[in-house]
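Atoms within a ligand are numbered from 1 in the order they appear, just like the ligands themselves. Just the heavy atoms: all of them, side chains too, but no hydrogens, waters or symmetry mates, feed the values below.
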Amino acid sequence: MEINFCGRRALVTGAGKVGIGRETAKALRKTGAEVVALSRSYEDLESLARECPGVQTICVDLADWSATEKALSSIGPVDILVNNAAVAILQPFLAVTEEAFDRSFAVNVKAVLHVSQIVVHQMIERGVPGAIVNVSSQASQCALLDHSVYCSTKGALDMVTKVMALELGPKKIRVNSVNPTVVMTEMGRVGWSDPQKSKPMLNRIPLGRFAEVEDVVHSILFLLSDKSSMITGSCLPVDGGFLAC
Ligand code: NDP
C-alpha cells in the first residue's frame, strides 16, 4: 500500500524521545510530508533535526496553556496532526496525588484539545481537509493496576476523539485514535520492565508479544492517509488482540 504525504504539512507532538512520536515524524518526512516536531526537551529536538534534516522543531511544555498558544502562534499551515505527547505517572489509586492528576490531565487531555483547536481553526480558515490522530492506549478501555489516572486520561481522550470527529466531520476533518498495547519505549519501560508485571500482561495478548514502535507508526500513517478516507471517530486497537478478550 503506497502512502504519500507530498504537499502536506504535519505537526507531531511528543516527537523528542526515541518512541512513537519521533518515529512518526521521521516516517512522515520519509513519505513526503513537511514536518514540524514538537517536544519538551530541547536536546531531543536538536538530535532529531540532525538525524532528519528538514524537520522543523518547536520546544514547549504542553502543560503550559499560554506558552503553547505562543509557541504555535506562527506555526503556519498544518494539514496533518498527531497528538502523541503524554505522561504516564503510575500510582496506586489510594496514593494518587493532586499534582500527578493535574499534570496528567493537562498533558494527555487538555493539551490535545488545545493544540487541536489551534490547528483546526486554521484548517477551517484555509478551507482544506485535515486528518488528526490522537495516540491513546489500550488503557482507555481496560483497568490496569496503578494506572487509575493514566487510564482515566486515555478514556477521556477517546471521547475527545469521538466528539471532535462528530463536530469536525462536516468540515472534512477526520479524527481517529490509535490504542496501542505496551511498547517498550522509555515510557513503556517505566511500567512494564519488571517481568512480574510484563509476563501476566504478555499472557493476555493473543499474538503473544508487545507492540513495536513501527506497528503503531504504520497504523497512524494509515489513519492519516487518504486510504482511510471513510474512517473517522474510530479508536483503533494496536494491541495484538488484548482488548478483544
Ligand atoms: P516516550 O516517552 O518515548 O515519548 C513521549 C514524548 O512526549 C517525549 O518526547 C516527551 O518529552 C513528550 N512530552 C511529554 N510531556 C510533554 C509535555 N508536557 N510537553 C511536550 N512534550 C511532552 O513515549 P511513547 O512513545 O512510549 O508514547 C507515546 C504515546 O503513546 C503516548 O501518548 C503514550 O501514552 C502512548 N502509549 C504508549 C505506550 C507504551 O507502552 N509506551 C502504550 C500505549 C500508548 P520529554 O521526555 O522531554 O518530557
Side-chain angles (χ1 to χ4, degrees), residues 11-27 36-48 55 57-72 81-90 99-100 102-112 114-115 132-142 144 146-147 149-158 160-161 177-194 197-198 201-202 205 209-217 219-220 235-240 242-243:
L11 171 63
V12 182
T13 71
K17 292 282 178 303
V18 177
I20 295 163
R22 185 177 175 119
E23 291 306 313
T24 300
K26 285 163 56 183
V36 183
L38 181 155
S39 201
R40 200 176 58 96
S41 304
Y42 184 71
E43 316 76 60
D44 295 336
L45 290 169
E46 269 197 329
S47 95
L48 173 62
V55 168
T57 59
I58 296 178
C59 189
V60 70
D61 181 349
L62 289 170
D64 184 334
W65 183 280
S66 52
T68 300
E69 190 125 333
K70 198 162 158 221
L72 295 184
L81 169 63
V82 182
N83 285 305
N84 167 78
V87 290
I89 306 171
L90 306 188
E99 195 193 5
D102 288 346
R103 180 144 192 99
S104 301
F105 271 86
V107 180
N108 299 9
V109 186
K110 198 167 149 189
V112 171
H114 189 207
V115 171
I132 299 175
V133 171
N134 296 328
V135 182
S136 182
S137 168
Q138 65 181 11
S140 70
Q141 293 167 51
C142 180
L144 302 172
D146 301 335
H147 281 67
V149 172
Y150 183 79
C151 284
S152 310
T153 63
K154 295 300 189 180
L157 182 59
D158 284 359
V160 171
T161 299
S177 75
V178 289
N179 295 52
T181 185
V182 174
V183 187
M184 279 302 183
T185 59
E186 191 169 305
M187 181 189 292
R189 283 189 291 274
V190 171
W192 304 102
S193 45
D194 176 357
K197 290 186 179 164
S198 60
M201 172 57 78
L202 272 171
I205 300 176
R209 65 172 179 88
F210 291 149
E212 299 295 334
V213 169
E214 72 169 10
D215 295 321
V216 186
V217 173
S219 302
I220 294 173
C235 299
L236 177 66
V238 186
D239 67 346
F242 175 85
L243 288 173

*To the nearest 0.1 Å, how far is atom 47 (O) of ligand 1 from its closest protein heavy atom, and which atom is that?*
Ser41 OG, 2.5 Å
*Go through ligand 1 atom by atom and flag the ones less than 4.0 Å from a non-hydrogen atom of Gly16.*
9 (O)
_Heavy atom of the protein closest to atom 30 (O) of ligand 1 (residue, atom name, distance)_ = Val135 CG1, 3.2 Å
*Which option, Ala106, Gly188, Cys59, Gly14, owns the non-hydrogen atom nearest atom 12 (C) of ligand 1?*
Gly14
_Val182 N/O under 3.5 Å from ligand 1 N/O_ = no
*Just need the protein heavy atom nearest to atom 11 (O) of ligand 1, so name the residue and atom and give the distance.*
Ser39 OG, 3.3 Å
*With sequence neighbours excluded, residues passing side-chain contact (heavy atoms from CB on, under 4.5 Å) with Ala25*: Val12, Ala15, Val35
*Identify, by atom number and element, the atoms of ligand 1 in contact range of Val107, meaning under 4.0 Å from any of its heavy atoms.*
15 (N), 18 (N)
*Would you mind checking which non-hydrogen protein atom is closest to atom 22 (C) of ligand 1, with the distance to 0.1 Å?*
Ala85 CB, 3.8 Å
_atom 16 (C) of ligand 1 - nearest protein heavy atom and its distance_ = Arg40 CD, 3.9 Å
*Nearest to atom 24 (P) of ligand 1, what protein heavy atom do you find, and at what distance?*
Thr185 OG1, 3.5 Å
*asked:* Using a 4.0 Å cut-off to any heavy atom of Gly19, which atoms of ligand 1 qualify?
replied: 3 (O), 25 (O)
*Of the backbone atoms (N, CA, C, O) and the side-chain heavy atoms from C-beta on, which set of Tyr150 has a member under 4.0 Å from an atom of ligand 1: side chain, backbone, both, or neither?*
side chain
*Side chain or backbone of Val87 under 4.0 Å from ligand 1, or both, or neither, by non-hydrogen atoms?*
side chain
*Least distance between heavy atoms, Asp158 atom then Ser136 atom*: OD1-OG, 2.7 Å
*If you measure from each non-hydrogen atom of Ala88 to ligand 1, which part falls under 4.0 Å: side chain, backbone, both or neither?*
neither
_For Asp239 and Thr181, which I'm curious about, is there any donor-acceptor pair between the side chains at under 3.5 Å?_
no
*Distance to 0.1 Å, residue and atom name: give those for the protein heavy atom nearest to atom 2 (O) of ligand 1.*
Met187 CB, 3.6 Å
*Asp215/Arg209 salt bridge by N-O under 4.0 Å criterion*: yes
*Using a 4.0 Å heavy-atom cut-off, say whether Arg22 meets ligand 1 through its side chain, its backbone, both or neither.*
neither
*Could you check atom 44 (C) of ligand 1 against the protein and tell me its nearest heavy-atom contact, residue, atom and distance included?*
Ser136 O, 3.1 Å
*Short N/O distance, under 3.5 Å, between Asp61 and ligand 1?*
yes
*Heavy-atom distances under 4.0 Å are what count here, so tell me which part of Glu23 touches ligand 1: side chain, backbone, both or neither.*
neither
*For Tyr150, ring-ring contact (aromatic ring centres under 6.0 Å, His included) partners two or more places apart*: His147
*With heavy atoms of Arg103 as the reference, note each atom of ligand 1 found under 4.0 Å away.*
18 (N)
